[in-house]
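Single-structure report; data block below.
This is a predicted model, so every value here is computed, not measured. Reminder, nothing fancy here: chain letters follow the sequence lines and each chain counts from 1.
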Number of protein chains: 2
Amino acid sequence: MFSQACKYAIRAVLYLAVHASKGKKLGVKEIAAALDVPKYFLAKILQQLSRNNLISSAKGPSGGFYLSEKNVEASLKDVVECMDGPDVFNACILGLPVCSSENPCPLHIQAFAYREGLHYQLKHQAIGDLAKRIEREEQKI
Amino acid sequence: MFSQACKYAIRAVLYLAVHASKGKKLGVKEIAAALDVPKYFLAKILQQLSRNNLISSAKGPSGGFYLSEKNVEASLKDVVECMDGPDVFNACILGLPVCSSENPCPLHIQAFAYREGLHYQLKHQAIGDLAKRIEREEQKI
DNA sequence: AGATAAAAGGACTTTTTTATCCTTTATACA
DNA sequence: TGTATAAAGGATAAAAAAGTCCTTTTATCT
Ligand code: FES
Ligand code: FES
């Protein structure tokens, strides 16, 4: 479903949402260690997210990554689309050129339900709210 | 979700279910042309499916691929697992080492429901039955 | 101003996936 | 028995994804 880069991106954003803030920025090294993820690869991913204004960063000593108030209001859908492109949630599961309920492939019904369920949650839940649930329910990232 | 090879495999198997039989075998070339899929790559995939007894084949003139009565009773789940390995339907969507409802990741609930829906359909529907539906509803492959 | 720390950016390497080609084996049929 | 046909298998090539390293830029603090 998601590329490796996208998985790391989601986890990193959620980790930032839970553990960082404007006052407490986190460096790549810390995040990579916490998530057990390749450091330099994660650096690239954070760069890309930062360029697209999905996370915030500061250079220099006491610099690092965090989520601004604006960032916290975005959704994971934005993160996913930033990493894997805009078609992740529209593509036919069999790779056929178009996915449509009018002219469905044999797996469309189930695949569409799955995809839309996920899509809906990712789209309509703010990263900040998701982070609160993670803390409340002590979920792993 | 599925690798390219797996997508081609599913489509090829369904195409065989609809268009081939013991009496009317199809060659790689025909299938590749019908599905608009790279010929040599498809050949490899059909080989692998054949080795794992998910499809049947005959060499020589008037040879080709088809589904035996046994093959038709199998499910697409077997095809998928043959191509992408046994963990496709058990892996955490975020790539965490285990997926479990007891200790879920933040996306588990939606991801699990979706995945299981698909898994269930692929597992409990025989390829032959699926093929009948495809013909009845004139679905694209 | 100088030293230091951390992200940003560019270039590169490795691994995996996708795709192609060539040789061998089996089989049908004349 | 010989020829043609098609899958099986092995080896390789090309492309994409994952991962690493080095240099530059920006900021902090003394
Ligand atoms: S048409 Fe294939 S998933 Fe919708
Ligand atoms: S724990 Fe991540 S999908 Fe189940």
Side-chain angles (χ1 to χ4, degrees), chain A residues 1-13 16 20 22-33 35-68 71 80 82-85 87-88 94-95, chain B residues 1-12 16 20 22-33 35-68 71 82-85 87-88 94-95:
Chain A
M1 176 99 241
F2 301 139
S3 71
Q4 196 59 51
C6 186
K7 293 176 194 170
Y8 292 162
I10 294 172
R11 295 175 61 203
V13 166
L16 287 174
K22 182 144 193 182
K24 195 196 172 202
K25 291 158 197 152
L26 296 179
V28 183
K29 227 191 302 180
E30 288 173 83
I31 306 171
L35 301 182
D36 190 24
V37 144
K39 184 168 57 170
Y40 296 115
F41 191 33
L42 182 62
K44 285 296 170 208
I45 292 164
L46 294 174
Q47 265 176 49
Q48 185 174 344
L49 291 170
S50 180
R51 254 186 270 118
N52 287 82
N53 303 307
L54 290 166
I55 67 178
S56 304
S57 71
K59 287 184 177 185
S62 85
F65 297 93
Y66 65 99
L67 300 191
S68 68
N71 294 152
V80 168
C82 176
M83 300 307 301
D84 284 355
D87 291 337
V88 219
L94 293 185
Chain B
M1 176 99 240
F2 301 141
S3 70
Q4 196 59 51
C6 186
K7 293 176 194 171
Y8 293 161
I10 294 173
R11 295 177 61 204
L16 287 174
K22 181 145 194 183
K24 196 198 171 200
K25 293 157 196 153
L26 296 180
V28 183
K29 228 191 303 181
E30 289 173 82
I31 306 171
L35 301 181
D36 189 24
V37 144
K39 183 168 57 171
Y40 296 115
F41 192 32
L42 182 62
K44 286 296 171 207
I45 292 164
L46 294 174
Q47 265 176 48
Q48 185 174 343
L49 291 171
S50 181
R51 253 186 269 117
N52 287 83
N53 303 308
L54 290 166
I55 68 178
S56 304
S57 71
K59 288 185 177 183
S62 86
F65 297 93
Y66 64 100
L67 301 191
S68 69
N71 294 152
C82 176
M83 300 307 301
D84 283 356
D87 291 337
V88 219
L94 293 185

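Straight-line distance from the CZ atom of B/Phe2 to the P atom of C/dT17: 16 Å, rounded to whole Å. Atom CG in B/Asn53 sits about 17 Å away from atom P in D/dA7, given to the nearest Å. Between A/Gln4 atom CD and D/dT20 atom P the separation is 12 Å, expressed in whole Å.
Closest approach of A/Val28 to A/Leu42, counting heavy atoms only: O-CD2, 4.2 Å. Nearest heavy atoms, B/Glu30 versus B/Lys25: OE2-O, 4.4 Å.
Taking only side-chain nitrogens and oxygens, B/Arg51 comes nearer than 4.0 Å to OP1 or OP2 of D/dG9. The phosphate of C/dA8 has OP1 or OP2 within less than 4.0 Å of a side-chain N or O from A/Ser57.
Nucleic acid contact class of B/Leu26 (heavy atoms, under 4.0 Å, all strands): sugar-phosphate only. A/Lys25 comes within 4.0 angstrom of nothing in the nucleic acid, heavy atoms only. Note on A/Lys29: nothing from the nucleic acid sits closer than 4.0 angstrom, heavy atoms only. No contact: B/Ala43 has no heavy atom under 4.0 Å from any strand.
Of the listed nucleotides (C/dA7, D/dT28, D/dA6), C/dA7 has the atom at the smallest distance from the side chain of A/Phe65. Relative to the side chain of A/Tyr40, the nucleotides D/dT28, D/dC21, D/dT26 differ in distance, and D/dC21 lies closest. Ranking C/dA8, C/dT20, D/dG9 by closeness to the A/Ser50 side chain, first place goes to C/dA8. Ranking C/dA26, D/dT28, C/dC21 by closeness to the B/Lys44 side chain, first place goes to C/dC21. Closest to the side chain of B/Ser3, from the set D/dA8, C/dA7, C/dT18, is C/dT18. In the set C/dT18, D/dA7, D/dG19, D/dG19 carries the atom at the smallest distance from any side-chain atom of A/Phe41. Closest contact between the side chain of B/Lys59 and the listed nucleotides D/dG9, C/dT27, D/dT20 involves C/dT27.
Note: A/Ile55 CD1 to A/Phe65 CZ = 5.0 Å, rounded to the nearest 0.5 Å. Taking CG of B/Leu46 as the start and CG of B/Leu16 as the end, the distance is 7.0 Å to the nearest 0.5 Å.
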Identify every side-chain donor-acceptor pair in residues 1-12 of chain A under 3.5 Å, counting partners at least two apart or on other chains, and give the distances.
{"residue": "A/Ser3", "atom": "OG", "partner": "A/Cys6", "partner atom": "N", "Å": "3.1"}
{"residue": "A/Ser3", "atom": "OG", "partner": "A/Asp84", "partner atom": "OD1", "Å": "2.6"}
{"residue": "A/Gln4", "atom": "NE2", "partner": "A/Tyr8", "partner atom": "OH", "Å": "3.2"}
{"residue": "A/Arg11", "atom": "NE", "partner": "A/Ile141", "partner atom": "O", "Å": "2.5"}
{"residue": "A/Arg11", "atom": "NH2", "partner": "A/Leu35", "partner atom": "O", "Å": "2.9"}
{"residue": "A/Arg11", "atom": "NH2", "partner": "A/Ile141", "partner atom": "O", "Å": "3.1"}

